[in-house]
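Fair warning: this is a prediction, and the values are worked out from it, not measured in the lab.
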Amino acid sequence: MPRIPDAEREEFSSRARSLFISKATIAWFLETATPGQLAACSGMLARELESRERSKRARLLRQARFPVPKAVEGFDWSNVRFPEGWGRDEMLSLDFVERAEDLVFHGPTGRGKTHVATALGIEATRRGVPVRFFQTATLVLQLGKAKREGTLDRLLADVGRAELVILDEFGYVPFDVDGARLLYQVISDSYERRSIVFTTNVEFSRWGTVFADDKLAAAIVDRVVHHGRLVEFGGPSHRLEESLMLGKSGS
């Protein structure tokens with residue numbers, strides 16, 4: 001029987017192990033298979049792995065619940081200011097997710113904060129990272145409802161399965177004390193475990209008004225600042241520039 005090259009044997013073994021085929025079965029097959037049989041079976045395993053990966057990405061995208069798909073291609077970065085020594089390339093690499101670091105996208109409405117946060121989240125799902133996207137006020141309502149109905153642990157567990165959480169429009173609507181405490185629980189539980197991207201038009205100094213509790217706000221800011229970066233979005237409103245009402249194309 002012709003000898004099968006080591007590279008082909010290792011490729012087959014790697015694919016088989018990825019599908020949880022036992023070492024004993026892999027060894028038996030490699031001892032008995034012809035080169036043609038190995039090539040056919042290895043190709044079959046590769047197709048199965050690709051199919052599972054596509055299904056996984058589609059599932060993660062559904063679970064993230066993005067309101068509208070967005071991409072970074074074509075985005076105008078000229079009015080986005082990054083921290084010194086850390087920029088767009090570092091952000092787009094998603095290394096901050098691996099390190100469970102936070103990002104705060106701050107700036108007036110319509111400057112692209114949600115666009116970029118969504119694009120980062122979608123790219124994360126493509127890389128196999130579980131993501132959850134929430135409009136912050138809606139999440140607070142969901143948390144309150146879950147607490148009243150006795151399903152809070154289930155909701156928190158769902159959030160906890162994510163490696164990246166996006167809290168959109170953070171601070172646009174003030175919370176009552178109960179809502180603030182529930183949101184604090186989400187943020188506190190995420191500390192050094194998963195990344196949070198906040199999009200907000202509220203400065204850190206005013207987060208106390210959002211939470212109706214200065215001490216609670218200070219505790220959150222302390223966590224975010226400790227393991228986070230501030231990205232400033234300025235310039236004219238993208239929504240006004242693309243407004244159909246003003247005679248723009250809207251493209």
Side-chain angles (χ1 to χ4, degrees), residues 57 60-83 86-94 96-97 101-127 129-143 158-159 162-175 179 183 186-187 190 194-204 206-207 210-211 220-221 224 228-246 248-251:
R57 289 196 296 266
L60 290 175
L61 191 60
R62 289 194 305 272
Q63 291 174 341
R65 297 186 286 271
F66 299 110
V68 180
K70 296 291 183 181
V72 296
E73 289 75 16
F75 185 81
D76 182 5
W77 298 95
S78 59
N79 293 301
V80 180
R81 190 168 75 250
F82 292 92
W86 189 89
R88 180 180 65 184
D89 291 343
E90 287 81 5
M91 181 181 72
L92 296 181
S93 74
L94 298 181
F96 72 93
V97 177
E101 296 172 349
D102 299 329
L103 299 180
V104 177
F105 292 173
H106 174 260
T109 58
R111 269 59 178 185
K113 301 184 299 296
T114 299
H115 181 131
V116 175
T118 301
L120 289 176
I122 290 175
E123 178 59 27
T125 64
R126 288 175 180 160
R127 300 187 192 184
V129 176
V131 180
R132 294 294 183 273
F133 180 102
F134 298 102
Q135 287 212 338
T136 308
T138 301
L139 174 60
V140 171
L141 291 175
Q142 291 175 353
L143 291 167
D158 178 67
V159 176
E163 294 177 30
L164 171 62
V165 175
I166 299 171
L167 296 181
D168 192 37
E169 298 185 347
F170 179 85
Y172 283 39
V173 178
F175 317 126
L183 184 60
V186 170
I187 296 172
S190 298
R194 65 190 61 86
S195 294
I196 299 180
V197 174
F198 301 82
T199 75
T200 183
N201 61 359
V202 181
E203 299 172 358
F204 283 140
R206 293 175 50 216
W207 281 25
V210 174
F211 281 92
I220 291 175
V221 169
V224 173
R229 291 182 173 89
L230 176 66
V231 181
E232 294 279 2
F233 286 71
S237 170
H238 293 266
R239 296 194 188 110
L240 288 179
E241 287 185 329
E242 299 174 359
S243 172
L244 291 173
M245 186 175 292
L246 296 180
K248 305 298 182 181
S249 65
S251 60

Q: Locate the shortest heavy-atom distance separating A162 from R132; write the atom from each residue and the value.
A: CB-CG, 3.7 Å
Q. Under 3.5 Å, side chain of T200 to main-chain N/O of G171, donor-acceptor pair present?
A. no
Q) Looking only at heavy atoms, what is the nearest atom pair of V231 and P83, with distance? A) CG2-CD, 4.5 Å
Q: Name all residues meeting the salt bridge (charged side-chain N to carboxylate O under 4.0 Å, His left out) criterion together with R229; count only those two or more places apart in sequence or in a different chain, and write none if there are none.
A: E101
Q. Would you say F170 and V202 make side-chain contact, with heavy atoms under 4.5 Å?
A. no
Q. Are F175 and L143 close enough that some pair of their side-chain heavy atoms sits under 4.5 Å apart?
A. no
Q | Minimum-distance pair of heavy atoms, taken over all atoms of R127 and L92 | A | NH2-O, 3.3 Å
(Q) How long is the straight-line distance from CD of Q135 back to CG of L141, given to the nearest 0.5 Å? (A) 11.0 Å
Q: Drop me the distance from R126's CZ to L61's CG, to the nearest 0.5 angstrom.
A: 8.0 Å
Q | 4.5 Å side-chain heavy-atom contact, V68 and T118 | A | no
Q: Kindly give the heavy-atom pair with the smallest separation between A119 and V72, and that separation in Å.
A: CB-CG1, 3.6 Å
Q.
Is any side-chain heavy atom of F134 closer than 4.5 Å to one of V159?
A. yes
Q) Quick check: does any side chain N or O of R111 sit under 3.5 Å from a backbone N or O of T109, one acting as donor and the other as acceptor? A) yes
Q.
If the condition is side chain to side chain contact (heavy atoms under 4.5 Å, CB included), which residues does E90 pass it with, not counting sequence neighbours?
A. W86
Q | Under 3.5 Å: donor-acceptor pair, side chain of T199, backbone of E169 | A | yes
Q: Kindly compute the distance separating CG (L167) from OG (S190), expressed to the nearest 0.5 Å.
A: 8.0 Å
**Q.** Any side-chain heavy-atom pair of F66 and I166 under 4.5 Å
**A.** yes
Q | Point-to-point distance, once rounded to the nearest 0.5 Å, from CG of L103 to NZ of K113 | A | 14.0 Å
Q. If we only count heavy atoms from C-beta on, is the L60 to P130 side-chain gap below 4.5 Å?
A. yes
Q | Taking every non-hydrogen atom, the tightest pair across T125 and A64 | A | CG2-CB, 4.4 Å
Q.
Using the ring pair (Phe, Tyr, Trp, His ring centres under 6.0 Å) definition, which of the options F105, F82, W77 pairs with F233?
A. F105
(Q) Just so I know, are the side chains of V97 and V129 near enough to count as touching, which here means a heavy-atom distance under 4.5 Å? (A) yes
Q | salt bridge (charged side-chain N to carboxylate O under 4.0 Å, His left out) against R65, all qualifying residues, sequence neighbours excluded | A | D158
Q: For V197 and A117, work out which heavy atoms get closest and say how close.
A: CG1-CB, 4.0 Å
(Q) Just so I know, are the side chains of V80 and R88 near enough to count as touching, which here means a heavy-atom distance under 4.5 Å? (A) no
Q) So, does K70 use its side chain to make a donor-acceptor pair with the main chain of T114 at under 3.5 Å? A) no
**Q.** Donor-acceptor contact present, side-chain D102 to main-chain I196, <3.5 Å
**A.** yes
